[in-house]
Amino acid sequence: MIKVFNHFFHRRTLLQLFLDLAVITLAFLITLVAVTGADAVSSEHLLKGLARGVLMGMGFLAVNATLGFYDSGSFFSATQVWARALVSFLVMGMVVVAVLLLLPLPAFFGRSWAVVVVMLATSVLLLYQVLGAALLPRAVPRNRALIYGTGTRAQAVGQRMRRPGSHTELVGFFASPNEREHLVSQWDVLDAQQSLQALVRDQRINEIVVALSERRGGSMPMRELLDCKLSGVRVIDVATYFEQNAGQIRLDAMSAGFLIFGEGFNQGFWRTGTKRVFDIFSALVLIVLSSPLMLLATLAIKAESPGPVLYRQERVGLFGSVFNVVKFRSMRTDAEKDGVPRWATAGDSRITRVGRIIRKLRIDELPQLFSVLGGSMSMVGPRPERPYFVDQLTQEIPFYAVRHSVKPGVTGWAQVSYQYGSSKEDTVEKLQYDLYYVKNHSLFLDLVILFQTVGVVLTGKGAQ
């Protein structure tokens, strides 16, 4: 894994991003030379063509990031890949036309050839996205990993490594002689007759994940692990593995010392200032773009049922402060007539017909953009929760209050990574994503989350 602006990417993902950008730029330059003629193309023309090619490439990366092509944790069937590639083809056609015709850059070839350029460039991109993305994983060797441990933590790491789309090949588990838990299949446990170092060498292991449930009492062979690391094998603990590969800070592998002495948790003046400027700019843009949707939602809510269009509800914000969040009303006015707060669940009968649509498309969240302008919320951050639930969850879940060290967001890492939470177990899972964001948040990660949010809205993932 490679860390880029506080966010982890697999080297395969970065290689695919680089190749996509290179293919798009080269496709455009080759088309430019073919259309204009090699003799008529000057260095100035090439520079202008390169600029436009890079702009198209960046647009392509943004479109496909939104469609989930660079999400190593997602798995798509062949039909889904072709459908998403077709969407990419159509959207990229508009991006290319915009770059060629709308940007204030001097034209350097006949505009009548714009359609030819669009068709050639986007055809190359379409074929490459479907075929090249499928061939890339075969061209780059996968990690061969060994998990040291056979208990609860080792089982969780093994399940993660075996998910579809994983870039890691799990060779097996190595049992510690002092570990009491043995939850993995005996068929997956490697022969303990060999030393750890000999097994690593014979099996060509290049990564060891130490996932012991108990580290005391000599459970960890420190000397052997050190020898493996000195021979070039990557040795990491379970907390680091989940942070880098799952975008989570696991509660069962975390301590107060990890929060105090670990890297990250950047809350300095520069980060706070840039985040505020980004919030104001993006909120204003989204308010302008979404104003027709907000108008339609207002009319639909009014037409369906009597009552207010908007509702206000107390939520917990930065450092535990309480503020009023504003949303479009998606439930009946008597949704909590007994006065007891409760989470929304799948198929919740309190949700109106219009409410089900606007929740599916996340339109009910749009009024929160005005809370962003007011400063009580951010564009990206943990989901703001109600004081009633916060009081309970802070007592029941360790480190729950850490999520309040940043402003709550309209969207967030937990929202795009996990389904809608409607239970304590879901809250624990989402908290682990929130802790990752609190530890690693940056402007770059905010942009990544916003792109993924668009994809979540388009697919309706996790809505209730």
Side-chain angles (χ1 to χ4, degrees), residues 55-71 84 86-105 118 274-303 309-312 325-330 354-381 383-384 407-413 415-416 420 443-463:
L55 284 173
M56 283 188 245
M58 297 302 293
F60 181 73
L61 299 186
V63 169
N64 287 319
T66 300
L67 292 172
F69 277 112
Y70 304 123
D71 183 3
R84 289 170 185 252
L86 181 59
V87 172
S88 174
F89 175 83
L90 297 174
V91 175
M92 271 305 299
M94 294 184 285
V95 171
V96 174
V97 170
V99 171
L100 286 173
L101 303 180
L102 302 182
L103 289 182
L105 297 173
V118 170
T274 55
K275 187 172 179 64
R276 183 60 185 148
V277 172
F278 174 76
D279 286 342
I280 294 173
F281 173 78
S282 53
L284 287 172
V285 171
L286 288 174
I287 287 172
V288 172
L289 293 178
S290 63
S291 54
L293 284 177
M294 288 195 277
L295 177 59
L296 288 174
T298 299
L299 296 175
I301 293 170
K302 271 293 185 185
V309 172
L310 302 174
Y311 81 95
R312 291 172 175 81
V325 72
V326 181
K327 291 186 178 184
F328 282 120
R329 181 173 61 84
S330 59
V354 171
R356 201 166 301 281
I357 296 172
I358 62 176
R359 288 170 75 96
K360 190 78 171 176
L361 299 175
R362 302 301 202 279
I363 295 173
D364 64 318
E365 310 276 356
L366 291 177
Q368 293 180 92
L369 295 172
F370 295 98
S371 297
V372 174
L373 290 180
S376 56
M377 292 184 67
S378 177
M379 281 300 301
V380 180
R383 182 180 183 272
K407 287 183 182 180
V410 178
T411 184
W413 185 238
Q415 288 94 306
V416 300
Y420 186 91
L443 180 60
F444 177 75
L445 181 54
D446 286 352
L447 290 171
V448 169
I449 292 170
L450 287 178
F451 279 124
Q452 292 195 17
T453 300
V454 176
V456 168
V457 171
L458 292 177
T459 59
K461 177 184 175 183

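Everything numeric here is computed off the predicted structure, so don't read it as measured data.
Here the CG-CG distance, from Leu366 to Leu361, works out to 10.0 Å after rounding to the nearest 0.5 Å. To the nearest 0.5 Å, atom CG of residue Asp446 and atom OG1 of residue Thr453 are 10.0 Å apart. For the atom pair Lys327 NZ and Glu365 CD, the distance stands at 4.0 Å (nearest 0.5 Å). Note that CG of Leu373 is 4.5 Å distant from CD1 of Ile287, once rounded to the nearest 0.5 Å. Going from atom OG1 of Thr298 over to atom CZ of Arg329 covers 11.5 Å, rounded to the nearest 0.5 Å.
Leu369 has its side chain within reach of Ser290: a pair of non-hydrogen atoms, C-beta onward, lies under 4.5 Å apart.
Partners of Phe281 by ring pair (Phe, Tyr, Trp, His ring centres under 6.0 Å), not counting sequence neighbours: none found.
Taking all atoms of both residues into account, the shortest heavy-atom contact from Gly409 to Gln415 is O-NE2, 4.1 Å.
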- Ile280 and Leu284: side chain to side chain contact (heavy atoms under 4.5 Å, CB included), yes or no, with the steps? CA-CA 6 Å; Ile280 294 173; Leu284 287 172; 4.0 Å; yes

- Go through the steps for Val410 and Met377 under the test side chain to side chain contact (heavy atoms under 4.5 Å, CB included), then give the verdict. CA-CA 7 Å; Val410 178; Met377 292 184 67; 4.2 Å; yes

- Item | Test side chain to side chain contact (heavy atoms under 4.5 Å, CB included) applied to Val326 and Phe370, step by step | CA-CA 8 Å; Val326 181; Phe370 295 98; over 6 Å; no

- For Leu445 and Ile449, run side chain to side chain contact (heavy atoms under 4.5 Å, CB included): C-alpha distance rounded to whole Å, both residues' side-chain angles, the deciding distance at 0.1 Å, then the answer. CA-CA 6 Å; Leu445 181 54; Ile449 292 170; 4.0 Å; yes

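The backbone N or O of Phe328 sits nowhere less than 3.5 Å from a side-chain atom of Asp364 that would complete a donor-acceptor pair.
Other residues, nucleotides and ligands place more than 12 heavy atoms under 6.0 Å from the CE atom of Met294.
The side chain to side chain donor-acceptor pair (under 3.5 Å) test with Ser378 is passed by exactly one of Arg276, Lys407, Lys275: Lys275.
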